Chemist: 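Here it is, the structure, as structure tokens.
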Amino acid sequence: SVLVSIGGGTLGDLSGFIASTILRGVDYVLVPTTLLSQVDSSIGGKNGINTKFGKNLMGTFYHPKEVIIDTNFIKTLPLREIKCGYAEIVKHSLIKDIRFFRWLEKNYIHLYNLNTNILQKAIYKSILIKLWYVGKDPYEKLTNKNSRSMLNFGHTIGHALEAYYDYKKLNHGEAVSIGMIMEAKISNKLGYLKKLDLENIIKHFKLSKLKTFDKNINNNKIFNAIKKDKKNLNNNVNIILLNKIGNSFFSRNVELDLIKKIIKKI
């Protein structure tokens with residue numbers, strides 16, 4: 001038997017989870033139809049299920065037999081969905097490749113206009129970056145710059161925002177977009193990311209109309225959700241921060257009170 005999933009990331013994750021548990025695993029094929037699922041969730045074999053307690057707290061590692069990506073699907077999407085996928089594309093550039101970030105600065109408008117060549121290049125480059133981390137750390141066990149956790153840049157705060165809104169108000173890409181700006185600002189406040197780099201990141205997010213702020217970011221429920229992030233150990237927050245554009249690192253044992261203090265000043 002082969003399970004074929006044609007749809008976005010939520011359906012792909014659910015299908016992968018089901019495929020991994022039926023008869024202890026049957027083959028499945030992903031045909032991702034959103035930009036976000038094409039550049040991120042369909043790659044790497046993670047199958048996460050959300051619960052009321054937090055994002056991706058249930059799930060399996062189980063790779064599809066095949067992933068088929070066709071940019072024609074992107075032409076059926078509203079701009080909001082395209083921007084959600086673009087947020088993950090920008091994330092890949094910020095954590096790993098400054099030249100890719102510079103290319104996106106010049107070409108994001110062509111991507112939004114659904115230029116096939118630009119779309120294909122952006123998707124392909126994102127997949128290569130994600131696969132690099134997956135190859136180094138397939139089960140997310142490392143806690144260094146090669147960790148698959150680098151792909152979670154923006155997700156510590158982004159996932160907390162999603163949980164706060166019960167996965168209804170913000171799409172995943174929108175929450176991660178806000179999370180990346182918050183975590184870039186934390187990187188700057190802690191002395192890692194230069195002010196000029198932070199300003200360039202914020203400038204690109206605003207030009208490309210990505211979300212940068214949420215009025216409830218200081219709500220204590222957000223901070224309680226941050227505590228439940230799957231990267232955390234021993235009640236301390238492990239978070240992905242930036243040294244510079246194109247260079248990220250795994251920051252361990254950051255006190256939640258310090259994160260709270262920084263965010264409240266933003």
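Fair warning: this is a prediction, and the values are worked out from it, not measured in the lab.
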Chemist: Let's go through Thr10 and Leu14 carefully: what are the C-alpha distance in whole Å and the side-chain angles of both, what is the deciding distance for side chain to side chain contact (heavy atoms under 4.5 Å, CB included) to 0.1 Å, and is it a yes or a no?
Modeler: CA-CA 6 Å; Thr10 301; Leu14 179 62; 5.7 Å; no
Chemist: Would you confirm whether Thr60, through its side chain, and Tyr62, through its main-chain N or O, come within 3.5 Å as a donor-acceptor pair?
Modeler: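 Not confirmed, Thr60 side chain does not pair with Tyr62 backbone.
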Chemist: Taking ring-ring contact (aromatic ring centres under 6.0 Å, His included) as the definition, give me every residue that meets it alongside Phe205, ordered by chain and number, with sequence neighbours left out.
Modeler: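 For Phe205 there are no ring-ring contact (aromatic ring centres under 6.0 Å, His included) partners, ignoring immediate neighbours.
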Chemist: Tell me which one of Asp27, Val29, Val31, Val4 satisfies side-chain contact (heavy atoms from CB on, under 4.5 Å) with Glu66.
Modeler: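 Checked Asp27, Val29, Val31, Val4 against Glu66; only one passes side-chain contact (heavy atoms from CB on, under 4.5 Å): Val29.
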Chemist: Please list, chain by chain and in numerical order, all residues satisfying side-chain contact (heavy atoms from CB on, under 4.5 Å) with Pro32, sequence neighbours excluded.
Modeler: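 Result, side-chain contact (heavy atoms from CB on, under 4.5 Å) vs Pro32: Leu30, Ser37, Gln38, Ser42, Val67, Ile69.
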Chemist: Can Val2 and Lys65 be said to form a side chain to side chain contact (heavy atoms under 4.5 Å, CB included), step by step?
Modeler: CA-CA 9 Å; Val2 178; Lys65 183 180 179 65; 5.6 Å; no
Chemist: Are a donor atom and an acceptor atom from the side chains of Tyr164 and Asp214 found within less than 3.5 Å of each other?
Modeler: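 Asp214 and Tyr164 do not have a side-chain donor-acceptor pair below 3.5 Å.
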Chemist: Can you get from Tyr28 to Leu11 by hopping between Ile, Leu, Val, Met, Phe, Trp and Tyr side chains that sit under 4.5 Å apart?
Modeler: no
Chemist: If a pair satisfies ring-ring contact (aromatic ring centres under 6.0 Å, His included) and one of its residues is in residues 173-194, list it, with sequence neighbours excluded.
Modeler: Tyr192-Phe249
Chemist: Lys203: what forms a side-chain contact (heavy atoms from CB on, under 4.5 Å) with it, not counting sequence neighbours?
Modeler: Leu207
Chemist: Return the minimal non-hydrogen interatomic distance between Gly9 and Thr34, and the atom names on each side.
Modeler: N-OG1, 4.3 Å
Chemist: Just verifying a value: how many Å separate Ile89 CD1 and Ile82 CD1, rounded to the nearest 0.5 Å?
Modeler: 10.0 Å
Chemist: How about CG on Leu79, more than 12 heavy atoms from neighbouring residues, nucleotides or ligands closer than 6.0 Å, or not?
Modeler: yes
Chemist: Asp13: what forms a salt bridge (charged side-chain N to carboxylate O under 4.0 Å, His left out) with it, not counting sequence neighbours?
Modeler: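 Here no residue qualifies.
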Chemist: Can I get a per-line list of side-chain donor-acceptor pairs under 3.5 Å for residues 239-247, giving both atom names and the distance, sequence neighbours left out?
Modeler:
residue, atom, partner, partner atom, Å
Asn243, ND2, Asn247, OD1, 3.4

Chemist: Ignoring hydrogens and angles, state whether a donor on the side chain of Thr212 or Lys206 is under 3.5 Å from an acceptor on the partner side chain.
Modeler: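 No, no side-chain donor-acceptor contact under 3.5 Å.
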Chemist: Where is the tightest heavy-atom contact between Leu151 and Lys91, given as atom of each residue plus distance?
Modeler: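 Taking every non-hydrogen atom into account, O-NZ, 2.8 Å.
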Chemist: So does Lys264 have more than 12 non-hydrogen atoms from other groups sitting under 6.0 Å from NZ?
Modeler: yes
Chemist: With a 4.5 Å heavy-atom cut-off, do Glu140 and Lys46 have their side chains touching?
Modeler: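 Side chain of Glu140 against side chain of Lys46, heavy atoms only: contact under 4.5 Å found.
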Chemist: Going by distance alone, is a donor N or O of one side chain under 3.5 Å from an acceptor N or O of the other, for Glu162 and His155?
Modeler: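 Side chains of Glu162 and His155: no pair found under 3.5 Å.
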Chemist: I need the Asn219 CG to Asn224 CG distance, nearest 0.5 Å.
Modeler: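 Reported value, rounded in 0.5 Å steps: 9.0 Å.
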Chemist: Looking at CD1 of Ile263 and CG of Asn218, how far apart are the two atoms once the value is rounded to the nearest 0.5 Å?
Modeler: 7.0 Å
Chemist: Is there a chain of hydrophobic side chains (I, L, V, M, F, W, Y, each step under 4.5 Å between heavy atoms) that links Leu111 to Leu114?
Modeler: yes
Chemist: With clusters defined by side-chain heavy atoms of hydrophobic residues (ILVMFWY) lying less than 4.5 Å apart, directly or transitively, does Leu3 cluster with Ile68?
Modeler: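 As far as the 4.5 Å side-chain criterion goes, Leu3 and Ile68 are not connected within one cluster.
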Chemist: Test of understanding: with side-chain contact (heavy atoms from CB on, under 4.5 Å), list the residues that count as partners of Asn72, not counting sequence neighbours.
Modeler: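 Per chain and number, Asn72 pairs via side-chain contact (heavy atoms from CB on, under 4.5 Å) with Asp70, Lys75.
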Chemist: May I ask you to decide whether Glu174 forms a salt bridge with Lys169, counting only side-chain N to carboxylate O separations under 4.0 Å?
Modeler: no
Chemist: So which heavy atom on Arg148 is nearest to which on Asp137, and how close?
Modeler: N-OD2, 2.9 Å
Chemist: Quick check against the 3.5 Å criterion: does Asn238 have a side-chain atom that pairs as donor or acceptor with the backbone of Asn253?
Modeler: yes
Chemist: Does CD belonging to Glu199 count more than 12 external heavy atoms closer than 6.0 Å?
Modeler: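 Result for CD/Glu199: enclosed.
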Chemist: With rounding to the nearest 0.5 Å, note down the distance linking OG in Ser187 to NZ in Lys194.
Modeler: 14.5 Å
Chemist: Between the main-chain N or O of Asn146 and the side-chain N or O of Asn144, is there a donor-acceptor pair closer than 3.5 Å?
Modeler: yes
Chemist: Looking at every heavy atom in both Gly154 and Glu183, which two are closest together, and how far apart are they?
Modeler: N-OE1, 2.7 Å
Chemist: Between Phe213 and Ile217, which heavy-atom pair has the shortest distance, and what is it?
Modeler: CE1-CG2, 3.7 Å
Chemist: Does Asn220 have any side-chain contact (heavy atoms from CB on, under 4.5 Å) partners at least two apart in sequence or in another chain, and if so, which?
Modeler: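 Residues passing side-chain contact (heavy atoms from CB on, under 4.5 Å) with Asn220: Phe223, Lys260.
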Chemist: Holding to ring-ring contact (aromatic ring centres under 6.0 Å, His included), I want the full list of residues that pass it with Tyr133, two or more places apart in sequence or in another chain.
Modeler: none
Chemist: Would the number of heavy atoms belonging to other residues, nucleotides or ligands and lying under 6.0 Å from CZ of Arg252 be above 12?
Modeler: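 No, CZ of Arg252 has 12 or fewer neighbouring heavy atoms, counting only those of other groups under 6.0 Å.
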Chemist: Could you check whether atom NZ of Lys231 has more than 12 heavy atoms from other residues, nucleotides or ligands sitting under 6.0 Å from it?
Modeler: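 For Lys231, atom NZ is crowded (more than 12 foreign heavy atoms under 6.0 Å).
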Chemist: Counting C-beta onward and ignoring hydrogens, is there a side-chain heavy-atom pair between Lys83 and Asn171 closer than 4.5 Å?
Modeler: no
Chemist: Just by distance, do the side chain of Lys130 and the backbone of Asp40 share a donor-acceptor pair under 3.5 Å?
Modeler: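 Yes.
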Chemist: Hydrophobic clusters join Ile, Leu, Val, Met, Phe, Trp and Tyr when side-chain heavy atoms are under 4.5 Å apart, directly or via other members; which others share one with Phe61?
Modeler: Tyr139
Chemist: Is there side-chain contact between Asp229 and Val237, with heavy atoms separated by less than 4.5 Å?
Modeler: no
Chemist: With clusters defined by side-chain heavy atoms of hydrophobic residues (ILVMFWY) lying less than 4.5 Å apart, directly or transitively, does Phe153 cluster with Ile98?
Modeler: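 Looking at the clustering, Phe153 is in the same group as Ile98.
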Chemist: How many angstroms lie between atom CD1 of Ile186 and atom CD1 of Ile262, to the nearest 0.5 angstrom?
Modeler: 5.5 Å
Chemist: Would you compute the distance between atom CG of Leu35 and atom OG1 of Thr71 and round it to the nearest 0.5 angstrom?
Modeler: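 Those atoms lie 10.0 Å apart.
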Chemist: Any donor and acceptor pair, going by atom type alone, linking the side chain of Asn216 with main-chain N or O of Leu161 inside 3.5 Å?
Modeler: no
Chemist: Is there a chain of hydrophobic side chains (I, L, V, M, F, W, Y, each step under 4.5 Å between heavy atoms) that links Leu36 to Tyr167?
Modeler: no
Chemist: What closest approach, in Å, do Gly135 and Pro138 show between heavy atoms, and which atom pair accounts for it?
Modeler: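 Minimum heavy-atom contact is O-CD, 4.0 Å.
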Chemist: Give a yes or no on whether Lys211 atom NZ has more than 12 heavy-atom contacts from other residues, nucleotides or ligands under 6.0 Å away.
Modeler: no
Chemist: Under the side chain to side chain contact (heavy atoms under 4.5 Å, CB included) criterion, do Thr156 and Asn152 qualify, and how do the steps go?
Modeler: CA-CA 7 Å; Thr156 296; Asn152 279 157; 5.7 Å; no
Chemist: Taking only residues at least two apart or on different chains, which pairs with a member in residues 64-89 satisfy ring-ring contact (aromatic ring centres under 6.0 Å, His included)?
Modeler: Tyr86-Tyr112, Tyr86-His204
Chemist: List the atom pairs, donor and acceptor, that lie under 3.5 Å between side-chain atoms in residues 117-129 and the rest of the protein, sequence neighbours left out.
Modeler:
residue, atom, partner, partner atom, Å
Lys125, NZ, Asp97, OD2, 3.0
Ser126, OG, His92, ND1, 3.4
Ser126, OG, Ala122, O, 3.1

Chemist: List the steps, then state whether side chain to side chain contact (heavy atoms under 4.5 Å, CB included) holds for Leu170 with Ile178.
Modeler: CA-CA 10 Å; Leu170 293 173; Ile178 296 166; 4.2 Å; yes
